[in-house]
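Because the structure is predicted, anything quoted here is derived from the model rather than measured.
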Amino acid sequence: MDVLTPAQLPDAARLLAAGQMVAVPTPRWYMLCARAADPAATNAVFRAKQRPTAKPLLLVLDSPATAEILFDLSADARLLTGGLWPGDLALRLPWKPAVEPVAAVGSPALVGCPDGMLGQLVALAGEPLAAAVCSISTPAAGEKDHPALTAGQVAVFERTMRAGIAAVVDGGICPHGRHMTIVDCPAGAAARLEREGTVHVRAVEAALAQQEDRMWADLARRTNRLVPDASVAAVADALDYLCLAQLYLRDNPRLARPLTPADVKTRPAGHWGVCPPVNRMLAALGPLQATVPDGYELHVLHGAGHAGPSALAHAYLTGRLGHAHPGLRQDEAGLHALVAGFPRADIGGEITPMIPGHLHTGGQLGPALAIGQGTVLDAPHRLTVVLIGDGECETGTTAASWLATRALHGTGDHGTVLPVVLLNGLRMGGKSLLFTLSRAELTAYFTGLGHRPVYSDGLDVGQLRQAVAEALGAAAPLGIPGPSSVMVLTLDKGHGAPAHLAGTPAVHKTPLRDPAGVPAEFDALADWLASYQPNQLLTSSGRPQPHLLPALPLSRPEPDGLPAPRGCVAASAQVADRAAGRPFTQVVPEVLRARAEQGPFRVFSPDELPSNRLDLTDDDGRPVPWTVEVLSEELCHAWAQGYTETGRHALVATYEAFAPITLSLIQQQLKHRSVRRHAGLAPLPSLVYLLTSLGWHNTLTHQNPSLTSALLAGGDPTLHVLTPADPARTAAALTFALRKLGWCTIVIANKHTTVHHSLETLDDELRHGIAIWPHLTHPGPGEPDLILASAGDLPAEALTTLARRLRAERPDLRLRYVHVHDLTALAEDGTRPLALAPDAFARHFGTRAPIVLATSGHPADIHALLGRRHPGPRLTVLGYRDPGRPVSQAHLRQHCGLDDPGLWQLATTLTNTPKEVPA
């Protein structure tokens, strides 16, 4: 074996070209190299290392450009090659379909682009090399067979193994002695760290994050160059025209002939005012949406649902509407159906999941910005553009959302949110508050909130697109300290409406109220429609004209749904077994930590985790990064909503008394999800609330179990109200709820509970929501003398105490004990998934025996759930009753009938039968 100096690298290259094997130093250790395309040479490397051929070699390239030729690079792969090559980073890459894989390096291949002498050597060789560490591969290696760090150790390896190394380039001692870092980069998917080595994981993350910071702005600038402004302007005009046509026309949708009053709807309905600003943004974003790289996502989230005509028009032009609703395909009949059928009975006139390609998660104004922030948490590949009305900016939730980004600092790697404020000047009934600010005041307002405003009036499409690129360039990923951007679009509300109506509240809905019956309005409508020249925008077959196509995003299939959860009951039962006999403060944090280890998961809490005795801190006492606290229940819900609507699991943990603050948001999300089910879309992770710090152990102002009352009254079939009897069951309930898809689960659990119960019926409680506890039930099938039923941990503690006393002091009393784990099991047959069938209801609650049912919530909830199956006067329901003034905990239980003496007296009264009087 020859020993070469670094100056003799050309000689090493000539040896490689001749089919020889050489050893070359790197900062890590010496590497054995051969021509990758020479099977005989690569086989020599395998033999020298005693390495099985099933364990491929490293492919060494001279530049990222060569990787572009050979491999199918994802967006992340390009970011990593651009940021960390040359260097000690190896990427696992799939070959391009047209490229024949090199057998020695496998498929997908592990690919490196080194610096130093190995990098110089591959450049001199003029072709890729195959390489491996100069050592014996396991399992053949012994304890002393370490990788060679010096040329002398290479010489020892050559003498020992008779490896056939032609030469070693002596570069001195290799200082690092560590493996390369490996990142798996599958095509069309996000990169995944496979092994950390000399390149630190934070360097990988920083490279991706820094590049992503620029990626969206670079994409906007590139599409601004490649897609003509005229195409974008034409799309905006087409959207405006289709919105107007939906509001007013019932025939002649392209104005293929002169308009007549018979073509006009007699009762136009819908909202025009918000459409022009929304349409400008949809048109400006279209070229970006069309060119989003594989592995990245761009979402548009609408703050108000009134832009239904815009969303329908956009989905029609992109073709997505026709895929979801075949009657609305891009043809003459589909165009007529779109226009004449608005507002359609099956789709509606507002933005809902029935319209593909547009996110809008409820009818309540305010949470859109926070929901958008939730969509990008833990999703650095995602950009969400949130369209916010200036009236919406007056809501407390929106106002809090600007500042709340500070609560997300240091909570992980997130995507980017671009807020777009549609400053059109008007609410429904007058000027918006933001509109009353001067430009200087508006800039100071947003700057103080940590957002640099970028302005556009939307009239010049080219300037609008430049503003979008500028705003994206200044937008920082969520959670990064420092200012981000907000775009302010000042196009007037209802832009394009007849001049005498501009700037008036009339533009909010249909500016012309009766054009079919009022000649002057008909003439105004005819001129208004004709001004868009629809024949220049739509073909006779109802398709967009060719010059619109470069600015329209491609129709994409809906993403695949999440896999259905399996083994929920078994997994939950195992958790309960481990939690048995242990307090809430231990078992609930354990459940949440275990869930966080299984994949994306977040806990949101309104500044109450320590108070709720949920210790979710690290070894240094700092909150773990997957928890977020901010003193706003609305923000916590909105973040969780955005997170779960994008396929990840989350939990909102809060005081029971303050959960009703989010009632409207929950109800709106349930409506949204109901429409998703109707649209046939795949189920999403469940909405899960943990209500603790219950009123039974709190002051008067902290007593309010009304959230469940209102939600149960809504009748949503996906709602489940879990009332576990002890901490082990609470742990099981949370495990169960966080695995399910498509549910809304409220778990009610007292953080103070220390009483524990037998778990022998847990399986039934999880599956059916209810179970008879045999250890407190008189055996036999007959009708009992008394039925005790608990729903919740404090009720279970109170009633099991009563049951044991009854069994001890009145052994002749036939007692049945039932625990209700899910309140919805009590519902009328057929109204909810877990509602007991009539025979099962009778099996649990008998037909004649008196029933005492204790719940931690309002008694009215139970009566309402039972409905027509209500047992009548034989049922006594005990639960929370507002005392009307501050009282002690013991007094509150007495007031509600859940104290021990009161329960004993009730049981005695119900079970004492009149004795016969002797003659």
Side-chain angles (χ1 to χ4, degrees), residues 1-2 4 8-26 28-73 77-78 81 85-135 137 154 157-158 161 163-169 180 182 184-187:
M1 180 183 72
D2 295 334
L4 307 177
Q8 294 176 297
L9 273 175
D11 294 333
R14 284 189 285 272
L15 289 171
L16 291 172
Q20 299 295 315
M21 176 172 49
V22 299
V24 186
T26 71
R28 297 171 296 106
W29 35 52
Y30 279 75
M31 302 286 288
L32 302 177
C33 301
R35 289 180 60 238
D38 185 342
T42 56
N43 284 338
V45 177
F46 282 114
R47 286 194 302 272
K49 291 178 58 62
Q50 298 183 16
R51 183 187 187 108
T53 55
K55 187 178 180 183
L57 307 178
L58 172 73
L59 185 68
V60 182
L61 305 181
D62 61 339
S63 70
T66 304
E68 288 278 2
I69 296 171
L70 299 175
F71 297 101
D72 188 358
L73 298 186
R78 289 190 177 93
T81 59
W85 275 9
D88 287 333
L89 176 69
L91 304 180
R92 198 171 298 283
L93 300 173
W95 296 88
K96 284 187 173 179
V99 176
E100 182 70 24
V102 175
V105 299
S107 180
L110 190 63
V111 185
C113 179
D115 50 11
M117 291 187 205
L118 182 53
Q120 296 172 42
L121 180 60
V122 69
L124 289 169
E127 62 178 314
L129 303 180
V133 180
C134 183
S135 68
S137 289
V154 174
F157 176 81
E158 166 63 22
M161 303 304 300
I165 303 172
V168 58
V169 179
M180 301 177 81
I182 299 176
D184 185 16
C185 296

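Here CG of L110 is found 7.0 Å from CE of M180. Values are rounded to the nearest 0.5 Å. Between the CG atom in D38 and the CD atom in Q20 there is a gap of 9.5 Å [rounded to 0.5 Å]. A distance of 11.5 Å separates CG in D62 from CG in L118, rounded to the nearest 0.5 Å. Distance OG/S63 to CD1/I69: 7.5 Å, rounded to 0.5 Å. With values rounded to the nearest 0.5 angstrom, M161 atom CE is found 10.0 Å from C134 atom SG.
Counting only heavy atoms from C-beta outward, the side chains of V169 and V22 never approach each other to under 4.5 Å. Side-chain contact between V102 and W95 is present, with at least one heavy-atom pair separated by less than 4.5 Å. In this structure, L93 and P108 have side chains that are not in contact, with every pair of non-hydrogen atoms separated by 4.5 Å or more. With a 4.5 Å cut-off on side-chain heavy atoms, E68 and L73 count as touching. Residues L58 and M31 meet the side-chain proximity criterion, which asks for heavy atoms closer than 4.5 Å. For the pair V168 and F157, the minimum side-chain heavy-atom distance is 4.5 Å or more. Within the 4.5 Å cutoff, the side chain of T81 has no heavy atoms near those of the C113 side chain. Counting only heavy atoms from C-beta outward, the side chains of V154 and M1 approach each other to under 4.5 Å.
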Let me see the working for F71 and L61 under side-chain contact (heavy atoms from CB on, under 4.5 Å), right down to the final yes or no. CA-CA 12 Å; F71 297 101; L61 305 181; 4.3 Å; yes
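Smallest separation of non-hydrogen atoms from K49 and S135: NZ-O, 2.7 Å. Between L59 and P128 the shortest heavy-atom distance is CD1-CB, 3.7 Å. When all heavy atoms of G106 and P56 are compared, the closest pair comes out as N-CB, 3.8 Å. In terms of heavy atoms, T42 sits closest to A36 at CG2-O, 3.9 Å. For G19 against A41, the heavy-atom pair with the smallest separation is O-CB, 3.8 Å. Contact between K96 and D72 at its shortest, heavy atoms only, is CG-N, 3.7 Å.
M21 pairs with exactly one of L32, L15, L16 by the side chain to side chain contact (heavy atoms under 4.5 Å, CB included) rule, that one being L32.
For D88, the salt bridge (charged side-chain N to carboxylate O under 4.0 Å, His left out) partners at least two apart in sequence or on another chain are R28.
Here side chain to side chain donor-acceptor pair (under 3.5 Å) pairs that include residues 111-132, with residues two or more places apart or in two chains, are R35-E127.
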